[in-house]
Asks: 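Got a structure for you, written out below as structure tokens; questions coming shortly.
All ligand and atom numbering here is 1-based and tracks the order in the structure.
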Amino acid sequence: MSLKVGVIGTGMIGQDHIRRLTQVLSGVEVTGVSDIDASRAAAAAPQGAEVFATPQALIRSDRIDAVVICSWGPAHEEQLLDCIAAGKPVFCEKPLVTSAEAARRVMDAEVGFGRRLVQVGFMRRFDADYRRLKAVIDGGTLGLPLIYKSVHRNASVPPGLYTSEMPLNDTLVHDADISRWLLSDEVTGVEVRLPRRSRQGGELRDPHMVLLHMASGAIVDVEISVNIAYGYDIRGEVSCETGIAALPNRPATVITDAHGIRQAIPEDWRERFIEAYDQEFREWIAAAGQGTATGPSTWDGYAATLVADAALEAAETGQLARIEMGEKPGLYDLPLQQAA
Ligand code: NAD
Ligand code: ISE
């Protein structure tokens, strides 16, 4: 029997996830959609799907077994709380929420429910290159990881919609999550340095250099550039005691023609992570069919939110901002090494 899914938010990634749920993956059917822009929801609705007037009506409907949230970050908390109240598994695009207090409210609700229902859209954990990189680090042949360099470059971001806080509370959350997961470690402090401003983004503060101090003493150095024009470029390299391990440059196809030898660069996240998104949904569909969730959890979303909050503070003060996560509820007690 197919899992009946409702999609909230039918913008860029909502439409891309509807495509994969209807055309790529099996065992799943999109039976409802909702968006504050009703005409956008209607245009994105697959044949036979109901267009719900509100996210709440979609979440409560018996035509919906599980929910995919692709609305804007500030709308996630209310929609997550409604899904948990209805006992429905929910895939929520990152960021989980936009403040640590909101993350704690979602965690309290899920812990009160007594079973994991939430999977957060940290798709890098499902990417084959990142999984191979993690296997090398976990294998221990290179010794302990000491430094991780994470490069996160976007060709451009939507002017007006993407604000000056978003490099740190929307984009950085991917690097925060993948650093915790790759290194099986927690972030305890954040520093931010602001280099010369790129003229590509107008008044937008861009780029950012971020240092994540990990509990083990390892340090992660993150470059966030969101208007770099040439393409979507994601890199990662871990320096260990006796060697380094790095992501390959993607895609690997080398083109040789009259202009020289070059590798094409993905335009945006849809192209670079197309297989990772497919895989995160395969694993989500299997878990949601059992009434639960797998992979990146509410705890992981909370951890990334704390990093975002600390990064905003560090950018303001120029000082190291410390992070105290508090005690992890037993519901999330899977070692970081195993979560996806
Ligand atoms: P978008 O602006 O293209 O689409 C968002 C949609 O949500 C819009 O159609 C908007 O009308 C709708 N919406 C906003 N508030 C709503 C509400 N309260 N109820 C119902 N609908 C609402 O944005 P996007 O790029 O598709 O991003 C959506 C989310 O996905 C964001 O949280 C973003 O951070 C995340 N995202 C994740 C990735 C990834 O790589 N995992 C990539 C892009 C976006
Ligand atoms: C976007 O929302 C994503 O999640 C992309 O993966 C990220 O690279 C981009 O910076 C965000 O705006």
Asks: Give the residue and atom name of whichever protein heavy atom lies nearest to atom 10 (C) of ligand 1, and the separation in Å to one decimal.
Replies: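 Ranked first by proximity to atom 10 (C) of ligand 1 is Asp35 OD1, 3.4 Å.
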Asks: Applying side chain to side chain donor-acceptor pair (under 3.5 Å), run through Arg153 and Tyr230 and close with a yes or a no.
Replies: CA-CA 9 Å; Arg153 299 186 181 130; Tyr230 73 87; 3.0 Å; yes
Asks: Within the 4.0 Å heavy-atom shell around Pro95, which atoms of ligand 1 are there?
Replies: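 Per the distance check, 32 (O), 34 (O).
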Asks: Tell me whether Ile261 at atom CD1 has more than 12 heavy atoms from other residues, nucleotides or ligands lying less than 6.0 Å away.
Replies: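 Check fails, neighbour count at 12 or below.
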Asks: For atom 32 (O) of ligand 1, what's the nearest protein heavy atom and its distance?
Replies: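 Among all protein heavy atoms, the one nearest atom 32 (O) of ligand 1 is Lys94 O, 2.8 Å.
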Asks: Taking 4.0 Å as the limit for heavy-atom contacts, which would you say applies to Gln79 with ligand 1: side chain only, backbone only, both, or neither?
Replies: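 Contact part for Gln79 vs ligand 1: side chain (C-beta onward).
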Asks: Looking only at N/O atoms, are Ile36 and ligand 1 under 3.5 Å apart anywhere?
Replies: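 Among all N and O atoms of Ile36, at least one is under 3.5 Å from an N or O of ligand 1.
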Asks: Give the numbers and elements of all ligand 1 atoms closer than 4.0 Å to a heavy atom of His76.
Replies: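 Counting atoms of ligand 1 from 1, those under 4.0 Å from His76 are 32 (O).
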Asks: Relative to the heavy atoms of Met123, which atoms of ligand 1 are at a distance of less than 4.0 Å?
Replies: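 Near Met123, meaning under 4.0 Å from one of its heavy atoms, ligand 1 has 40 (O), 41 (N).
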Asks: Would you check the N or O atoms of Ile13, main chain and side chain alike, for any that come under 3.5 Å of an N or O of ligand 1?
Replies: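 There is such a contact, yes.
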Asks: Which atoms of ligand 1 are found less than 4.0 Å from any heavy atom of Gly11?
Replies: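 Answer, ordered by atom number: 3 (O), 4 (O), 6 (C), 9 (O), 26 (O).
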Asks: Testing the 3.5 Å rule here: is there a donor-acceptor pair between the side chains of Ser61 and Glu50?
Replies: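 There is no such pair (donor and acceptor under 3.5 Å, judged by atom type) between the side chains of Ser61 and Glu50.
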Asks: Could you tell me whether Cys70 approaches ligand 1 through its side chain, its backbone, both or neither, with non-hydrogen atoms closer than 4.0 Å?
Replies: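 Within the 4.0 Å criterion, Cys70 contacts ligand 1 through backbone atoms alone.
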Asks: Identify the two heavy atoms, one from Asp35 and one from Gly11, that lie closest to each other, and give their separation to 0.1 Å.
Replies: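 Between these two residues, the closest heavy atoms are OD2-N, 4.1 Å.
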Asks: Between Asp185 and Ser216, do the side chains contain an N or O donor and an N or O acceptor separated by less than 3.5 Å?
Replies: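 Yes, Ser216 and Asp185 have a side-chain donor paired with an acceptor closer than 3.5 Å.
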Asks: Using a 4.0 Å cutoff against the non-hydrogen atoms of Asp170, which atoms of ligand 1 qualify?
Replies: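 Near Asp170, the atoms of ligand 1 are 34 (O).
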Asks: Over all heavy atoms of both residues, which pair between Gly9 and Cys70 is shortest? Give the atoms and the distance, please.
Replies: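 Smallest heavy-atom distance, with atoms named: O-CB, 3.4 Å.
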Asks: Exactly which residues line ligand 2, taking a heavy atom under 4.0 Å from it as the test?
Replies: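 Within 4.0 Å of ligand 2, protein side: Lys94, Met123, His152, Asn154, Tyr162, Asp170, Thr171, His174, Tyr232, Trp269.
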Asks: Test Tyr162 against Thr171 for side chain to side chain donor-acceptor pair (under 3.5 Å), laying out the working first.
Replies: CA-CA 10 Å; Tyr162 189 96; Thr171 297; 2.6 Å; yes
Asks: Would you call Arg104 and Asp108 a salt bridge, using N to O less than 4.0 angstrom?
Replies: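 The answer is no: the pair does not qualify as a salt bridge.
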Asks: Using a strict 4.0 Å threshold on nitrogen-to-oxygen distance, state whether Asp177 and Arg124 make a salt bridge.
Replies: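 Not counted as a salt bridge, because no side-chain N and carboxylate O are separated by less than 4.0 Å.
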Asks: For the pair His152 and His174, name the ring-plane relationship: parallel under 30°, tilted 30 to 60°, perpendicular over 60°.
Replies: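 If you compare the ring of His152 with that of His174, the planes turn out tilted.
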Asks: For ligand 1, which atoms have a heavy atom of Gly9 less than 4.0 angstrom away?
Replies: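 That gives atoms 7 (O) of ligand 1.
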Asks: Any idea which protein heavy atom is nearest atom 2 (O) of ligand 1, and the distance to it?
Replies: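 Result for atom 2 (O) of ligand 1: Trp72 NE1, 2.8 Å.
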Asks: In ligand 1, which numbered atoms sit nearer than 4.0 Å to a non-hydrogen atom of Arg40?
Replies: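 Atoms satisfying the 4.0 Å criterion: 8 (C), 9 (O), 10 (C), 11 (O).
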Asks: Could you check Phe281, Phe273, Trp284 and say which one makes a ring pair (Phe, Tyr, Trp, His ring centres under 6.0 Å) with His17?
Replies: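 Single ring pair (Phe, Tyr, Trp, His ring centres under 6.0 Å) partner of His17 among Phe281, Phe273, Trp284: Phe281.
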Asks: State the atoms of ligand 1, each with its element, that fall below the 4.0 Å cut-off from a heavy-atom position in Gly73.
Replies: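 The atoms of ligand 1 under 4.0 Å from a heavy atom of Gly73 are 32 (O).
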Asks: In terms of side-chain geometry, is the basic nitrogen of Arg272 or Asp233 positioned less than 4.0 Å from the acidic oxygen of its partner?
Replies: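 No, no charged N to carboxylate O under 4.0 Å.
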Asks: Answer yes or no for Tyr277: is there a heavy-atom contact with ligand 1 below 4.0 Å?
Replies: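 A heavy atom of Tyr277 does come that close to ligand 1.
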Asks: Hydrophobic cluster mates of Ile219, side-chain heavy atoms under 4.5 angstrom, ILVMFWY only, any path?
Replies: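 Answer for Ile219: Leu211.
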Asks: In terms of side-chain heavy atoms, does Glu191 have a donor or acceptor partner in His213 at a distance below 3.5 Å?
Replies: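 A donor-acceptor contact under 3.5 Å links the two side chains.
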Asks: Among Glu280, Arg270, Glu93, whose heavy atom sits nearest atom 37 (C) of ligand 1?
Replies: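 When every heavy atom of Glu280, Arg270, Glu93 is considered, Glu93 comes closest to atom 37 (C) of ligand 1.
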Asks: For atom 3 (O) of ligand 1, what is the nearest protein heavy atom, given as residue, atom name and distance?
Replies: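 Nearest neighbour among protein heavy atoms for atom 3 (O) of ligand 1, to 0.1 Å: Met12 N, 2.9 Å.
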Asks: Just to be sure I'm reading this right: ignoring hydrogens, which of Pro74, Ser34, Ser71, Ala75 gets closest to atom 29 (C) of ligand 1? Compare them by their nearest heavy atoms.
Replies: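 The option holding the nearest heavy atom is Ser71.
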Asks: Using a strict cut-off of less than 4.0 Å between a Lys/Arg side-chain nitrogen and an Asp/Glu carboxylate oxygen, indicate whether Asp82 and Lys88 qualify as a salt bridge.
Replies: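 Salt bridge flag = no for Lys88 with Asp82.
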